[in-house]
Structures are given as C-alpha cells and as structure tokens.
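Notes follow once the structure below has been shown.
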Protein chains: 2
Amino acid sequence: METTEIDAVLQALANADRRKILDLVKADPGCTVSSVVKHFDTSRVAIMRHLNVLYDCKLLLHEKVGRSRHLYLNSVPIQLIYDRWTDEYGAFWGGQLADIKYRVERGENND
Amino acid sequence: METTEIDAVLQALANADRRKILDLVKADPGCTVSSVVKHFDTSRVAIMRHLNVLYDCKLLLHEKVGRSRHLYLNSVPIQLIYDRWTDEYGAFWGGQLADIKYRVERGENND
DNA sequence: TAGTTACGTAATGAAATGGTTACCTATTGC
DNA sequence: GCAATAGGTAACCATTTCATTACGTAACTA
C-alpha cells in the first residue's frame, strides 16, 4: 500500500460524517445515495463530496443502476491500515501498552 | 473516546511525516526535537507544528529537560482507534476478511 | 561572558477541506 | 408527454492545513 493511499484512507476516516456513512452502508449494503443523505442534516452535495472521498480511497464501492447508485462497503483498505499499525506497533503494544495504559489511567502521564 | 478525539487522532495519522515522526520516536524513545528534525528535509518549524498536532491528540508525550524536549510515544490513542474499528467492523471482517484478503493477495480484489 | 545550540513564536501565504445555492441530465411513474 | 425523483456539476465562500522566513529566549560550553 502506497504512502499516499494510507494518507487518503486515514484522511477519509478522520471525519465523523464519513465514518457514519461507512456505518450506514455497512448496515445496509446496496443502499442508495439518497437513502444515505436522509440520515444527515447537511446538504446532499456535501454528502456526495464525502462519498467521492470514500470512492477515491476505495472504502466504498458503487454501481449505477438506472437513476440510482448503489453503495457497498469495501473493508480492504481498513484492513490494510489495521495490518500496517498492528504489524509496526504490535510489538510495542505487547511490550509497553499495559504499563503505559496503567500510568495514563492513574493520571501519571506527562502531557 | 469522543468523536472529536477520534477525528484528531486519525487526522494526525493521515500524514506521512507525522507517521514517520511516530516511527522515529518509537525507535528511539526519549529522543529530542532536533534529532527528529534531522530526518526531514522540511523546516524545523514545520516539524514542530507536526509535533504539536501529535501532542494535542496525545500520540506523543513530552517533557522538557534543560533546553531539550524529550519525546515518547503514547500508543493508547492508537489502541483506542484500533478497538473502535475492530469492535464495529470486527464481525464484518470476521465474516469476509479471510476471503477478501486471499483474493487481494491473488490480485483478484474488486476495486 | 560570549557564542552556539535547542526550542518557541509571530506573521505570512498557498493549497486543501468542507460547506452552500443554483442549475443540469437522466430515469421513472402517471 | 410531463412531472417528480435521483444523481451530478459549477461557482462560490469560510476555515483549516501546511509550509515558509524572521525573530526571540533559555541553556549549555569554550
């Protein structure tokens, strides 16, 4: 996975509305754009912009049928991100996480 | 974890330079700002801005000693993100991941 | 103590992000 | 055919992001 692809996926995930879209599509695979829009107060165009971001980084797959566009979740990018971080930080987590978390929970972190 | 906190952590991770900083600090806990800056072509101020982003979302802990600032990785936010996504998408992954990953590795992904 | 080192901040500017309204095209249903 | 529906695009605007240069301050060192 290219650096720019990781950037794009993380950037896409760094927005609550886009994460909500993913959740909605996950809950109702094959749903349409307008059905997603109904769950938001923001404009249809704004949601479509979010959808385009999700298409670009391939978190959402889509196909046009008639005048509708059907949406599907593609979890592969998330999985790749997950692998990246667990691979690179897994050892660190395993070794130090418990202690650090303990200290943080006791308010002993030095922010 | 608040939505805005998730946003902040993912936003922070959505930048290759900031991820590189995390990798550097992970490889050399307690390293200083200037030692991190040496690994980049961009200006010291730009890197310090990235550091501030990482401080704000608590991916980096830091303490000033003399005229130096020592940096430490705090993997708790990453762990929380990890938990968030595996909790919400775990079932989906569990059901389809093996097959998808297998297909991806064989170059048969459906992008 | 004078100079270098390490870090911090201010001012500035280009580009990206995220939203809006207005309008346009294609499909469906009556 | 005509109106309603579903989606797409264009133009615009405010804010944030991300970089720069210039300058300031505290601490180490020769």
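Residue numbers start from 1 in every chain, and the chains themselves are labelled A, B, ... in the order their sequence lines are given, proteins ahead of strands. As the structure is a prediction and not an experimental result, all values here were calculated from the model.
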Open item on the list: Both Ala46(A) and Tyr55(B) contact DNA chain C. Which one's nearest nucleotide lies toward the 5' end?
Closed with: Tyr55(B)
- [ ] Figure out the CG/P separation between Asp56(A) and dA16(C), and round it to whole Å.
- [x] 14 Å
Task: Side-chain heavy-atom pair Asp7(B), Arg19(A) within 4.5 angstrom cut-off - done: yes
Task: Asn74(B) (side chain) donor-acceptor with Lys58(B) (main chain) under 3.5 angstrom - done: yes
Task: Atom pair CG/CZ of Asn52(A) and Arg49(A) - distance to nearest 0.5 Å - done: 8.0 Å
Open item on the list: If I take atom CG in residue Leu54(B) and atom P in nucleotide dC18(D), what distance separates them, rounded to the nearest angstrom?
Closed with: 11 Å
- [ ] Look at the side-chain N and O atoms of Asn15(A) and state whether any lies under 4.0 Å from the OP1 or OP2 oxygen of dT17(C).
- [x] no
Task: Arg44(A) (side chain) and dG8(D) (base): donor-acceptor pair under 3.5 Å - done: yes
- [ ] Could you check how far CZ of Arg18(A) sits from P of dA16(C), rounded to whole Å?
- [x] 15 Å
- [ ] Round to the nearest Å and state the distance from Met48(A) atom CE to dG7(D) atom P.
- [x] 8 Å
Open item on the list: Consider side-chain contact (heavy atoms from CB on, under 4.5 Å). Of Asp23(B), Leu54(B), Leu13(B), Ile47(B), which one does Arg18(B) pass it with?
Closed with: Leu54(B)
Open item on the list: In this structure, how many angstroms lie between the P atom of dT16(D) and the CD atom of Gln11(A), rounded?
Closed with: 15 Å
- [ ] Send over the distance from Leu71(A) CG to dG7(D) C1', rounded to a whole Å.
- [x] 11 Å
TODO: Indicate, with a heavy-atom threshold strictly under 4.0 Å, whether Ser68(B) touches base, sugar-phosphate, or nothing.
DONE: sugar-phosphate
Task: Out of dG19(C), dA27(D), dC18(D), whichever nucleotide has its closest atom nearest the side chain of Arg67(B) - done: dA27(D)
Open item on the list: Using heavy-atom distances to pick each residue's nearest nucleotide on DNA chain C, tell me which of Val65(A) and Ile47(A) is more 5'.
Closed with: Ile47(A)
- [ ] Ignoring the backbone of Lys64(B), work out which of dG7(D), dC7(C), dT20(D) is nearest its side chain.
- [x] dC7(C)
Open item on the list: Students often get this wrong, so: under 4.0 angstrom with heavy atoms, is Arg49(A) touching a base, only sugar-phosphate, or nothing?
Closed with: base
- [ ] Using a 4.0 Å heavy-atom cut-off across all strands, classify Val45(A) as base, sugar-phosphate, or nothing.
- [x] base
Task: Rounded distance (Å) that lies between atom P of dT17(C) and atom CG of Asp7(B) - done: 15 Å
TODO: Ignoring backbone atoms, establish whether His50(A) has a side-chain N or O less than 4.0 Å from OP1 or OP2 of dG19(C).
DONE: yes
TODO: Report yes or no: do Val33(B) and Val25(B) belong to one cluster of Ile/Leu/Val/Met/Phe/Trp/Tyr joined by side chain heavy-atom distances under 4.5 Å?
DONE: yes
TODO: Respond yes when some side-chain nitrogen or oxygen of Thr32(A) is under 4.0 Å from OP1 or OP2 of dA6(D), and no when none is.
DONE: no
Open item on the list: Just the rounded figure in Å: distance from P of dA6(C) to CG of Leu51(B).
Closed with: 15 Å
Open item on the list: From the set dC28(D), dG8(C), dA19(D), return the single nucleotide nearest to any side-chain atom of Arg69(B).
Closed with: dG8(C)
TODO: Looking at every strand, decide which applies to Ser43(B) at a 4.0 Å heavy-atom threshold: base, sugar-phosphate, or nothing.
DONE: base
Open item on the list: For the backbone of His39(A) and the side chain of Lys20(A), can you confirm whether one donor and one acceptor N or O come within less than 3.5 Å of each other?
Closed with: yes
